[in-house]
Novice: 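This is the structure I want to talk about, given as structure tokens.
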Amino acid sequence: MPPNDIREHKSNSKPHSQSTADLDPPQTSASSATANKIRYRSPSASELLESGLATSPTSDSHQSLLSIDGGKMTAKRAIGRHESLSDKIHRHRGLLLLISIPVVLITLVILLMPGASTSVIEEYALKSSEGGGSNSRKYAVIFDAGSSGSRVHVYCFDENLDLVPLENELELFLQLKPGLSAYPNDPRQSANSLVSLLDKAEASVPHELRPKTPVRVGATAGLRALGHKASENILQAVRELLKDRSRLKTEANAVTVLDGAQEGSYQWVTINYLLKTLGKPYSETVGVVDLGGGSVQMAYAISEEDAATAPKPLQGEDSYVREMYLKGRKYFLYVHSYLHYGLLAARAEILKVSEGSNNPCIVTGYDGTYKYGGKAFKAAASSSGASLDECRRVALNALKVNDSVCTHMKCTFGGVWNGGGGGGQKNMFVASFFFDRAAEAGFVDPTQPVATVRPADFEEAATQACNMKMGEGKSKFPRVEEDNLPYLCLDLVYQYTLLVDGFGLKPSQTITLVKKVKYGERAVEAAWPLGSAIEAVSSL
Ligand SMILES: O=c1[nH]cnc2c1ncn2[C@@H]1O[C@H](COP(=O)(O)OP(=O)(O)O)[C@@H](O)[C@H]1O
Ligand SMILES: [Ca+2]
């Protein structure tokens, strides 16, 4: 856990009775500047305003404009007459003043005109913040080292911790494939795969702010599954890369494997921050599901009473409830991450059930091999073809839905507590592969940031996908990527099964599939790095 994970407290030691003794008390009358913001242990806005860094940029720029103008005029007149420079200036001081005033006025108008000189105004805002003005800008650079790819997000916040645009967007977002875990035996090459992202991210942060701008690298399921030694070697190489190549600020523990619960809680903060539901009662916040390649997370706020009855986590697992203060309110966040149940990992789990023989989830006519995590799995259709019902049975088996470990509580799957439901789970924002596969299957518009669907829509699309033959794939599902085609029945059945049998949603419940969330006029990626960035800048 990052050291400045300040408003979040795992309850590992006392999972049954969530002690609040070690928590900061809710701040009821903190300085008015921070009263309505996300709260931090070290209020920071004033600290960012370091004194003496810059003089007023307004007076600077006007001075320099005047002196350039004056210099030119003086030089021209000196050619024609034999009097001293100061005499001439003195004699024509009226004329000089007359010329200077419109020049200054025109310059001011240009500077203040909206649109035409946005970059100048942005620059001004940045400089004045350094001088101690009210426009404190804080940047954060967050790498999402996901199992299937690496991404970088650069965010810029104002002093209220609202996102402000960098250029035209509210974040710089870049991604590439494959992820760090694709180089298990070559840490240097693995780290170097981030170079292009790092260079572009750093270039988007103003020069003078780079040493103050935190950079974090959070690795998720790919490195989690790689094992401690191999992943630590890769992370060490990334730390060295940052040290050698970047001027950004690396806090201790800036480069880590995120634990799944941390990833899930950042995702919850991201979505609720963008929806502006932070600070509202827990039942008005939304819950999140994030289906990655390697792991899947669910997080939603629960009541204090439910938090108090949270069961002990399974051995080796994180506690189920995290306590967080956000915008003056204390939340009890139920969060759990399931390693090996991200979409790409789940394919392997489902193929393992059929152990080297045909599998009813594979699209009719396909006979191949599925590679995941350095292993190969037979992926061959039954001679009778794919079958929705049989695939459902295999998926339920892979998910261990009726696991006997679940005795004294309501479970999702694999013996994991379901959190008890409640108002915080009423509205679910479901991200990553849920959105992507729904778009490929054709029941969601990929150009829109969100879509309202029901779990039943996944089942309906699965019925089509499980009934088709490989040869029909392109015409029936024109948006499906070729590599995904043999697995379309499997993916959609798994997604339906995960939502309904795993997470206990009703097939008819409306859920929001989310790629981006609108924030003012613009939209921001619905991904955990924003939650991490908010935490990072909160402790500045
Ligand atoms: O920032 C993002 N923007 C859009 N999609 C994302 C982002 N992060 C992850 N995804 C989606 O999640 C999928 C796989 O997740 P990832 O590679 O992060 O696996 P993991 O979370 O299990 O490590 C990607 O293919 C992509 O669809
Ligand atoms: Ca992810």
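Quick caveat: nothing in here was measured; it's all calculated off a predicted structure.
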Novice: Mind checking what makes salt bridge (charged side-chain N to carboxylate O under 4.0 Å, His left out) contact with Arg245, not counting sequence neighbours?
Specialist: Asp199
Novice: Under a 3.5 Å distance rule, please check whether Tyr331 uses its side chain to pair with a backbone N or O of Gly279 as donor and acceptor.
Specialist: yes
Novice: Is it true that a side-chain atom of Thr497 and a backbone atom of Arg392 form a donor plus acceptor pair closer than 3.5 Å?
Specialist: no
Novice: Taking ring-ring contact (aromatic ring centres under 6.0 Å, His included) as the cut-off, I'd like each qualifying pair that reaches into residues 226-246, sequence neighbours left out, listed once.
Specialist: none
Novice: Answer yes or no: is there a donor N or O on one side and an acceptor on the other, between the side chain of Arg329 and the main chain of Lys280, under 3.5 Å?
Specialist: yes
Novice: Is it true that, when you exclude Lys276 itself, more than 12 heavy atoms of the residues, nucleotides or ligands shown sit nearer than 6.0 Å to its NZ?
Specialist: yes
Novice: Could you check whether any side-chain N or O of Arg522 sits under 3.5 Å from a backbone N or O of Asn168, counting only pairs where one atom can act as donor and the other as acceptor?
Specialist: yes
Novice: What residues form a side-chain contact (heavy atoms from CB on, under 4.5 Å) with Val335, not counting sequence neighbours?
Specialist: Ala261, Ala299, Arg322
Novice: When you check the gap from the basic side-chain N to the acidic O, do Lys312 and Glu317 get nearer than 4.0 Å?
Specialist: no
Novice: By side chain to side chain donor-acceptor pair (under 3.5 Å), which residues pair with Thr447, not counting sequence neighbours?
Specialist: Asp445
Novice: So, using side-chain contact (heavy atoms from CB on, under 4.5 Å) as the criterion, who are the partners of Ser283 when residues are at least two apart?
Specialist: Pro281
Novice: Ignoring hydrogens and angles, tell me if any N or O in the side chain of Tyr300 forms a donor-acceptor pair with the backbone of Tyr282 under 3.5 Å.
Specialist: no
Novice: Does Glu440 pair with Arg437 as a salt bridge, N-O distance under 4.0 Å?
Specialist: yes
Novice: What closest approach, in Å, do Gly294 and Tyr372 show between heavy atoms, and which atom pair accounts for it?
Specialist: CA-OH, 3.4 Å
Novice: Suppose the criterion is side-chain hydrogen bond (donor to acceptor under 3.5 Å, both in side chains): which pairs have a residue in residues 409-428, not counting sequence neighbours?
Specialist: Tyr338-Thr412
Novice: Can you list everything that forms a salt bridge (charged side-chain N to carboxylate O under 4.0 Å, His left out) with Glu525? Sequence neighbours excluded, please.
Specialist: Lys516
Novice: Quick check against the 3.5 Å criterion: does Asp457 have a side-chain atom that pairs as donor or acceptor with the backbone of Arg454?
Specialist: yes
Novice: Give me each pair satisfying disulfide (SG to SG under 2.5 Å) with a member in residues 408-437, each pair once, sequence neighbours excluded.
Specialist: Cys406-Cys411
Novice: Can you tell me if Gln267 uses its side chain to pair, donor with acceptor, with the backbone of Ala526 under 3.5 Å?
Specialist: yes
Novice: If you look only at pairs with a residue in residues 332-349, which of them pass as a salt bridge (charged side-chain N to carboxylate O under 4.0 Å, His left out), with sequence neighbours excluded?
Specialist: Arg347-Asp491, Glu349-Lys352
Novice: Could you walk me through whether Asp158 and Lys138 satisfy the salt bridge (charged side-chain N to carboxylate O under 4.0 Å, His left out) test, starting with their C-alpha distance in whole Å, then the side-chain angles of each, then the deciding distance to 0.1 Å, before giving a yes or no?
Specialist: CA-CA 6 Å; Asp158 67 12; Lys138 299 178 192 178; over 6 Å; no
Novice: Could you note down all residue pairs passing ring-ring contact (aromatic ring centres under 6.0 Å, His included) where residues 508-540 supplies at least one of them, sequence neighbours left out?
Specialist: Tyr273-Tyr519
Novice: Rounded to the nearest 0.5 Å, how far apart are CG of Leu174 and NZ of Lys200?
Specialist: 6.0 Å
Novice: With under 30° as parallel and over 60° as perpendicular, where do the rings of Tyr320 and Tyr334 fit, or are they tilted in between?
Specialist: parallel
Novice: Answer yes when Asp259 and Arg224 have at least one side-chain N-carboxylate O distance shorter than 4.0 Å, and no when they do not.
Specialist: no
Novice: Just jot down the side-chain contact (heavy atoms from CB on, under 4.5 Å) partners of Lys506, sequence neighbours excluded, or say none.
Specialist: Ser508, Gln509
Novice: Would you tabulate the side-chain donor-acceptor contacts of residues 175-183 under 3.5 Å, counting partners in other chains and residues two or more places apart, or write 'none'?
Specialist:
none

